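Below is one structure, written out as structure tokens, with a few remarks after it.
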Amino acid sequence: MKLLLFLAVLLFTLGRAEAQEKKLEFSTTQLSGTVYMLTGRGGNVAISAGEDGVYIIDDQIRPVTTQLLQAIRKISNKPIRFVINTHYHADHTGGNETIGKAGAVIIAHDNVQKRMSTEQISIFTKTTTPPYAEVALPVVTFNDQISLHLNGETATAYYVANGHTDGDSIIHFPTSNVIHMGDMYFNTMYPYVDLDAGGSIQGIVSAADLALSLADDKTRIIPGHGPLATTEDLRNYRDFLIKAIANVQALIDEDKNLQQTIAAQPTAEWDEELGKTWITPAQFVTFIYNSLEGIQRYTPPVAKTE
Ligand SMILES: [Zn+2]
């Protein structure tokens, strides 16, 4: 009986996933003569397409690679020469295997290659990710920054240590005046800080600071998740982070433990606006608290007993 119930739930879930897959539409926004933002399923993608060919920043989740490639083909028929992964998460690297097999060179920070080539355990998402196939791994890695001189501009990926993970880059397209933030920026929602993979809230602030130093008032900011943003949006996000961190630090200074800090609701003023999409206020406070206390893993808040 239990098995039948399990099968029924499984079929229902698969059916729903399939229905969602069919509904999925990729939306592309042109941001300059050569740079586009693409949204579909997974992290937002940047595409540079021009006379030298195509390269992309991130490639979504694996099951949608065919749709992703179709959407890119609508912009350019030239081959995808490079993929830069902003970090190792599967919703930003899922297309690597197919696109790598087709001949694209995959580029990422050293730590992305390390994490993708070994099993990863996340306490937060309660998942274990096996090593990726070799063809999906970055073949060019860097420890600080790397530039691509293509399509009429020099785009640079800058490593920012210990932010969303321990391998994040933000990518600046100076002529197009576009910055791809990877998951250092979740627009309109609380950010996910992957403490289990070397993330910290301080690094997220550093990434916002770096991006703001590269931006002017007209820069288009592509967040890892959420809608396209302006420089002012990013500045507000940075200010919110600083205030939220100060609120949590004040409670730490009063010797509050994690549970007491969560109970004091230090992010109450943003919870309605930012805490309903994915990361909950309690999870976000845990990210900040553990970052400030130097605890490099996610410690789940005790569940409510009501
Ligand atoms: Zn991520």
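For ligands, and for the atoms within them, numbers begin at 1 and follow the listed sequence. Please read all numbers here as calculations on a predicted model, not as lab measurements.
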Just to verify, what does Asp166 make a salt bridge (Lys or Arg N to Asp or Glu O under 4.0 Å) with, not counting sequence neighbours?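 So Asp166 forms a salt bridge (Lys or Arg N to Asp or Glu O under 4.0 Å) with Arg115.
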Could you name each residue pair satisfying salt bridge (Lys or Arg N to Asp or Glu O under 4.0 Å) that touches residues 261-274, not counting sequence neighbours? Glu272-Lys276
Side chains of [Y] and [X]: any donor to acceptor distance under 3.5 Å?
X      : Y      : answer
Asp59  : His92  : no
His164 : His89  : yes
Ser176 : Glu153 : yes

So, at under 2.8 Å, which protein N, O or S atoms would a careful student list around the Zn ion (ligand 1)?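 You should have found His87 NE2, His89 ND1, His164 NE2, Asp183 OD2.
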In the hydrophobic cluster built from side-chain contacts under 4.5 Å, what are the other members alongside Ile121? none
